[in-house]
Number of protein chains: 2
Amino acid sequence: MSRNSNDGAPVPEGGWLDGEQQRAWLAYIRVQLRLTYEMNRQLQSDSDLSLPDYDVLTALSVADRGLMSIKVLAAQIGWERSRVSHHVRRMAKRDLVSCGLSTGDRRVTEVGLTQHGRQVLEAAAVGHVELVRRLFFDGLPPELEGPLGQALESVYTNIIAQGTLPPPVDWRPHGVSDRR
Amino acid sequence: MSRNSNDGAPVPEGGWLDGEQQRAWLAYIRVQLRLTYEMNRQLQSDSDLSLPDYDVLTALSVADRGLMSIKVLAAQIGWERSRVSHHVRRMAKRDLVSCGLSTGDRRVTEVGLTQHGRQVLEAAAVGHVELVRRLFFDGLPPELEGPLGQALESVYTNIIAQGTLPPPVDWRPHGVSDRR
DNA sequence: TGGAATTGCGTGACATTTCACCTAAGCTTT
DNA sequence: AAAGCTTAGGTGAAATGTCACGCAATTCCA
């Protein structure tokens, strides 16, 4: 898979990124690791949800009629299908989601939020958003909010185009305003 | 803890983020999920390393004399200490790292790269960086590189200040150029 | 100096995630 | 309609990660 593909490129020793890029990437990695840790911790202690639980609930909450097949759900949150399968079964035992065979295609399992699941998500979202605002946005100069959003959207668009994972169902190049 | 702190704000029902913020956050989450998936996949298939393996190796490679205590390593990459403990033991079996008691304080375990570990990391880095460049930077307009780096550094600084995880050892407010 | 508190880790039980297969439903051909 | 392909998912075992707890080295302080 194209190792050593940047042999003659104008890149610092060993093929690393240039200064600006290195800076951005290092910051990204650091933010990613810490933020994941903190979000996990907060959700767990405030709402008895893991971050993966929250990801599933959130994805389901924006689905049409709150129903989604395992495959679509997996594509949505970037998981292996079998992981979704296991995880959803465990969440069903906790009455957060419910599974059922689709009427149309009897291979597909439709997953949906239960009443309880929706309540738990909505309760959890309050504290989660509060944490996100505090950790992610409170230190961010307002004039960088726009550029950050733009930059990340460019990156996302590129990942969708280049990556191996199929695009999520509701993906659209530049529309905003979903997630409720 | 100021839940519901944006009551009168121009924000959708339920206390979510404002438009700009929502956009940035949504993009961040999407990038994070996909990128993690793709990096894992690439490392696994090209270098027989998981992303966690790579995180450990990378952290160790920038340590003083390639040695780091479990605690510092955990703080560095945002893991639970016991996770590091388990993981490092498994990596030692594969001859990627080596552990030994510190001479100074005999409670601490010093972890270091082995020769083999360093070689594996350097071989893996080539393809990994190639992937990062392709997925993260190829779609990013050059004029947004700077703002992105700046924005993420602000966020990181804030997380360090606000978060529960202790700051990494080599943390400095705005210096760049480490990682090799 | 002699506890008591703290710190740094390891461990073992348990939960989650991955990986390699397996089944079954739908689709396509013949 | 049967054979053969493709697609959606489930499954069990192994790898990985979490949590609660325990032990030993160090530090604090009277």
Side-chain angles (χ1 to χ4, degrees), chain A residues 33 36-45 48-57 67-94 96-112 164-166 169, chain B residues 33 36-45 48-57 67-94 96-112 164-166 169:
Chain A
L33 287 170
T36 301
Y37 178 91
E38 303 287 352
M39 291 191 300
N40 233 313
R41 205 183 141 86
Q42 183 271 331
L43 280 171
Q44 199 75 62
S45 74
D48 266 298
L49 291 176
S50 65
L51 187 53
D53 291 337
Y54 191 85
D55 288 338
V56 169
L57 294 178
L67 283 184
M68 221 180 253
S69 70
I70 298 274
K71 176 183 195 171
V72 167
L73 183 48
Q76 205 75 2
I77 58 186
W79 289 9
E80 310 278 346
R81 277 193 324 246
S82 81
R83 177 181 177 186
V84 175
S85 186
H86 282 305
H87 204 94
V88 144
R89 191 163 40 69
R90 288 185 297 248
M91 289 178 75
K93 275 186 198 159
R94 296 196 283 153
L96 293 168
V97 302
S98 62
C99 311
L101 288 182
S102 162
T103 41
D105 183 335
R106 276 172 337 191
R107 286 171 305 183
V108 335
T109 300
E110 300 274 15
V111 187
T164 64
L165 207 56
V169 278
Chain B
L33 288 171
T36 301
Y37 178 90
E38 302 286 353
M39 291 190 301
N40 234 312
R41 205 183 141 86
Q42 183 271 330
L43 281 171
Q44 198 74 62
S45 74
D48 266 300
L49 291 175
S50 65
L51 187 53
D53 292 336
Y54 191 84
D55 288 338
V56 169
L57 294 177
L67 283 184
M68 220 179 256
S69 72
I70 299 275
K71 176 183 195 171
V72 167
L73 183 48
Q76 205 74 0
I77 57 185
W79 288 9
E80 310 280 346
R81 279 197 322 263
S82 79
R83 176 181 178 186
V84 175
S85 186
H86 282 305
H87 204 93
V88 144
R89 192 165 38 70
R90 289 186 293 245
M91 289 177 75
K93 275 185 198 159
R94 295 196 283 153
L96 293 169
V97 302
S98 62
C99 311
L101 288 183
S102 162
T103 41
D105 183 336
R106 275 173 335 196
R107 286 170 303 182
V108 334
T109 301
E110 301 273 16
V111 188
T164 64
L165 207 55
V169 278

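Numbers restart at 1 for each chain; the letters A, B, ... are given by sequence-line order, proteins then strands. Keep in mind that this is a model prediction, so the values were computed, not measured. Computation of the quantities below employed the complete heavy-atom set of this structure, encompassing side-chain atoms and omitting hydrogens, waters and symmetry-equivalent molecules.
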Visitor: Nearest whole angstrom, please: distance from the P of D:dT16 to the CH2 of B:Trp79.
Guide: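 These atoms are roughly 10 Å apart.
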Visitor: How would you label the contact of A:Ser50 with the nucleic acid (heavy atoms, under 4.0 Å): base, sugar-phosphate, or nothing?
Guide: nothing
Visitor: Separation of B:Leu51 atom CG from D:dT16 atom P, in whole Å?
Guide: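 Computing the B:Leu51:CG to D:dT16:P distance gives 13 Å.
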Visitor: Roughly how many Å is it from NZ in A:Lys93 to C1' in C:dT16, rounded to a whole number?
Guide: 13 Å
Visitor: Both B:Arg89 and B:Lys71 contact DNA chain C. Which one's nearest nucleotide lies toward the 5' end?
Guide: B:Lys71
Visitor: State, to 0.1 Å, how close A:Leu33 and B:Ile77 come at their nearest heavy-atom pair, and which atoms those are.
Guide: CD2-O, 3.5 Å
Visitor: Judged by each residue's nearest nucleotide on DNA chain D, which is more toward the 5′ side, B:Glu80 or B:Arg94?
Guide: B:Arg94
Visitor: For the pair made of CG in B:Leu67 and C1' in C:dG8, what is the distance, rounded to whole Å?
Guide: 16 Å
Visitor: Any heavy-atom pair between the side chains of A:Arg81 and A:Leu73 that's under 4.5 Å?
Guide: no
Visitor: Is there, by distance only and without an angle test, a donor paired with an acceptor across the side chain of B:Arg107 and the base of C:dT7 below 3.5 Å?
Guide: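 Donor-acceptor pair under 3.5 Å: yes.
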Visitor: By nearest heavy atom, map B:Asp105 and A:Gly104 onto DNA chain C; which one lands nearer the 5' end?
Guide: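 This one resolves to B:Asp105.
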Visitor: Can a donor-acceptor pair be found between the side chains of A:His86 and A:Arg89 at a distance below 3.5 Å?
Guide: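 Distance-only check passes for A:His86 and A:Arg89.
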Visitor: Taking 4.0 Å as the cut-off, does a side-chain nitrogen or oxygen of A:Ser85 come that near to OP1 or OP2 on D:dG10?
Guide: yes
Visitor: Which whole-number value in Å describes the distance from B:Leu33 CG to C:dT17 P?
Guide: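 Value for this atom pair: 13 Å.
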Visitor: What's the CG-P distance between B:Asp48 and D:dT16, to the nearest Å?
Guide: 11 Å
Visitor: Crowded around B:Asp105 CG? As in, over 12 foreign heavy atoms under 6.0 Å?
Guide: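 Yes.
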Visitor: Output the rounded distance in Å from CG (B:Leu101) to C1' (D:dT26).
Guide: 14 Å
Visitor: Run the salt-bridge test on B:Arg94 and B:Asp53 with the 4.0 Å N-O cut-off and return the result as yes or no.
Guide: yes
Visitor: Just the rounded figure in Å: distance from P of D:dG9 to NE2 of A:His87.
Guide: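 Roughly 17 Å, once rounded to whole Å.
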Visitor: Considering just the side-chain nitrogens and oxygens of B:Arg106, establish if one lies under 4.0 Å of OP1 or OP2 belonging to D:dT26.
Guide: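 Yes.
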Visitor: Please work out if A:Arg83 contacts a base, only the sugar-phosphate, or nothing of the nucleic acid, heavy-atom cut-off 4.0 Å.
Guide: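 A:Arg83: base contact, heavy atoms under 4.0 Å.
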Visitor: Both A:Asn40 and A:Glu110 contact DNA chain D. Taking the nearest nucleotide for each, which residue is further toward the 5' end?
Guide: A:Glu110
Visitor: Under 4.0 Å between any heavy atoms, over every strand shown, what does B:Ser82 touch: base, sugar-phosphate, or nothing? Just pick one.
Guide: base
Visitor: Of the listed nucleotides (C:dC19, C:dG10, D:dC19), which one gets closest to any side-chain atom of A:Gln44?
Guide: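 The listed nucleotide nearest to A:Gln44's side chain is D:dC19.
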Visitor: Hey, does the side chain of B:His86 come within less than 4.0 Å of C:dG10's phosphate (OP1/OP2), counting only N and O?
Guide: no
Visitor: Which part of the nucleic acid, if any, lies within reach of B:Arg81 when heavy atoms closer than 4.0 Å are counted: base, sugar-phosphate only, or nothing?
Guide: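 If one applies the 4.0 Å heavy-atom cut-off, B:Arg81 turns out to touch a base.
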Visitor: Using OP1 and OP2 only, check whether a side-chain N or O of A:Thr109 sits under 4.0 Å from D:dG10.
Guide: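 Result: yes.
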Visitor: Could you walk me through whether A:Leu101 and A:Val108 satisfy the side chain to side chain contact (heavy atoms under 4.5 Å, CB included) test, starting with their C-alpha distance in whole Å, then the side-chain angles of each, then the deciding distance to 0.1 Å, before giving a yes or no?
Guide: CA-CA 6 Å; A:Leu101 288 182; A:Val108 335; over 6 Å; no
Visitor: Look at the side chain of A:Arg90 and decide which nucleotide, out of C:dG10, D:dA8, C:dT16, has an atom nearest to it.
Guide: C:dT16
Visitor: Using only side-chain N and O atoms of A:Ser69, determine if any of them is under 4.0 Å from OP1 or OP2 of D:dA8.
Guide: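 For D:dA8, neither OP1 nor OP2 has a side-chain N or O of A:Ser69 closer than 4.0 Å.
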